[in-house]
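Heads up: numbering here begins at 1 and tracks the sequence. The structure presented is a predicted model; accordingly, all values stated were derived computationally and were not measured.
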Amino acid sequence: MVYRYKFEKIMSLREKEKTESQTKYTEAVKEFETEAEGLYRMLKKKEELLDKQAEQLKKGLSVQQVRHNLSFLENHERQIRHYQKRVVETRNKMNFFHQVLVEKNIEVKKYEKMKESDRQVFMEQQNQMENRQMDEISIQQYMGRT
């Protein structure tokens, strides 16, 4: 007799959901990394701009150039705030999908444990049935000799 798990369809559905969750989580991680890299580039660029501005101030700048630099830095700060907001959003999204993935993993593990337990019960029943058959065969052979 072949073993068939009674919740096989449900288990395969849960495994499919787990795989989909893994894909969504991976995409969320990539999105977060992209946004974080963008923020890093913007912060690095700001640092370079401030260094360049400090050098120019040492050499002397016109008022118009100082205004232009301040305007440029303000615009750059706005972009940095935008990236910071996006990083927070994508981090939250990534954490959400991680939590979903953890829950799906737990569900699949539960079904795997149930399947293993059910399989052990099945194997024990099979062994008992085989032992009974062997006993019957032994009794029949004994009875046939006498």
Side-chain angles (χ1 to χ4, degrees), residues 1-57 61 65-146:
M1 193 165 159
V2 178
Y3 173 74
R4 288 190 45 91
Y5 181 51
K6 57 187 168 191
F7 298 121
E8 191 68 40
K9 289 182 181 180
I10 295 172
M11 188 172 162
S12 65
L13 177 67
R14 296 297 184 238
E15 287 174 346
K16 182 180 174 188
E17 289 173 351
K18 176 187 158 193
T19 304
E20 290 171 359
S21 294
Q22 177 68 42
T23 302
K24 288 178 182 179
Y25 174 68
T26 303
E27 290 171 2
V29 168
K30 287 179 184 177
E31 186 179 353
F32 170 74
E33 289 173 348
T34 301
E35 294 296 333
E37 287 172 7
L39 176 61
Y40 175 78
R41 283 192 306 275
M42 294 299 286
L43 291 171
K44 188 76 172 163
K45 187 175 178 180
K46 177 186 174 186
E47 186 179 318
E48 291 169 0
L49 288 171
L50 290 174
D51 290 344
K52 184 178 177 182
Q53 186 179 16
E55 284 180 30
Q56 289 175 343
L57 283 173
L61 286 174
Q65 287 176 320
V66 171
R67 285 183 183 161
H68 175 72
N69 285 348
L70 284 175
S71 174
F72 190 74
L73 278 174
E74 286 175 8
N75 191 20
H76 200 71
E77 284 290 333
R78 253 186 265 120
Q79 290 176 334
I80 288 173
R81 283 191 299 275
H82 171 74
Y83 268 101
Q84 287 172 331
K85 181 181 175 187
R86 289 287 302 146
V87 166
V88 168
E89 289 171 356
T90 55
R91 180 182 293 125
N92 290 339
K93 182 178 175 182
M94 180 182 68
N95 289 338
F96 170 76
F97 283 120
H98 181 260
Q99 186 61 38
V100 169
L101 178 59
V102 167
E103 291 170 5
K104 296 297 178 185
N105 268 333
I106 290 170
E107 266 187 67
V108 168
K109 295 270 188 216
K110 285 179 184 177
Y111 278 99
E112 287 173 351
K113 281 188 175 190
M114 287 172 42
K115 181 178 181 179
E116 184 59 33
S117 175
D118 191 54
R119 183 173 177 76
Q120 286 176 349
V121 168
F122 173 80
M123 295 304 286
E124 288 172 9
Q125 289 173 346
Q126 286 293 104
N127 286 338
Q128 288 175 357
M129 191 167 60
E130 287 175 9
N131 287 339
R132 276 191 227 118
Q133 288 175 347
M134 294 298 280
D135 289 347
E136 287 178 20
I137 291 172
S138 294
I139 290 171
Q140 289 175 0
Q141 286 179 347
Y142 179 76
M143 295 299 243
R145 287 188 205 162
T146 57

Exercise for the section: Mind checking salt bridge (Lys or Arg N to Asp or Glu O under 4.0 Å) for Glu116 and listing every partner two or more places apart, or none if nothing turns up? Expected result: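 Counting only residues at least two positions away or on another chain, Glu116 forms no salt bridge (Lys or Arg N to Asp or Glu O under 4.0 Å).
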Output all residues satisfying side chain to side chain donor-acceptor pair (under 3.5 Å) with Glu8, sequence neighbours left out; order by chain, then residue number.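 Expected list: Lys115.
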Can you tell me how far [atom2] of [Y] sits from [atom1] of [X], rounded to the nearest 0.5 angstrom?
X	Y	atom1	atom2	result
Arg119	Glu112	CZ	CD	13.5 Å
Arg86	Tyr83	CZ	OH	9.5 Å
Glu37	Lys44	CD	NZ	14.5 Å
Leu57	Asn69	CG	CG	7.5 Å
Arg67	Ser71	CZ	OG	11.0 Å
Thr34	Leu39	OG1	CG	12.5 Å

Measure the acute angle between the ring planes of Phe122 and Tyr3, then classify it against the limits of 30° and 60° as parallel, tilted or perpendicular.
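Answer is tilted, since the angle falls between 30° and 60°.
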* Asked: Do the rings of His76 and Phe72 sit parallel, tilted or perpendicular, given the 30° and 60° boundaries?
  ->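 Judged by the thresholds at 30° and 60°, the geometry between His76 and Phe72 is parallel.
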- Worked check of side chain to side chain contact (heavy atoms under 4.5 Å, CB included) between Glu27 and Thr23: CA-CA 6 Å; Glu27 290 171 2; Thr23 302; 3.6 Å; yes
Q. Please, which pairs that meet salt bridge (Lys or Arg N to Asp or Glu O under 4.0 Å) have at least one residue in residues 72-85, sequence neighbours excluded?
A.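 The answer is Lys46-Glu77.
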With a 4.5 Å cut-off on side-chain heavy atoms, are [Y] and [X] touching?
X	Y	value
Met94	His98	no
Glu89	Lys93	no
Ile139	Met143	yes

request  = Examine distances only and state if a side-chain atom of Ser117 and a backbone atom of Lys113 form a donor-acceptor pair shorter than 3.5 Å.
outcome  =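 Flag not set: sc Ser117 to bb Lys113 has no pair under 3.5 Å.
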Please say which of Lys110, Lys18, Arg14 ends up in a side-chain hydrogen bond (donor to acceptor under 3.5 Å, both in side chains) with Asn105.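 The side-chain hydrogen bond (donor to acceptor under 3.5 Å, both in side chains) with Asn105 is passed solely by Lys18 among Lys110, Lys18, Arg14.
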- [ ] Apply the test side chain to side chain contact (heavy atoms under 4.5 Å, CB included) to residues Leu43 and Glu47: give CA-CA distance (whole Å), side-chain angles for both, the deciding distance (0.1 Å), then the verdict.
- [x] CA-CA 6 Å; Leu43 291 171; Glu47 186 179 318; over 6 Å; no
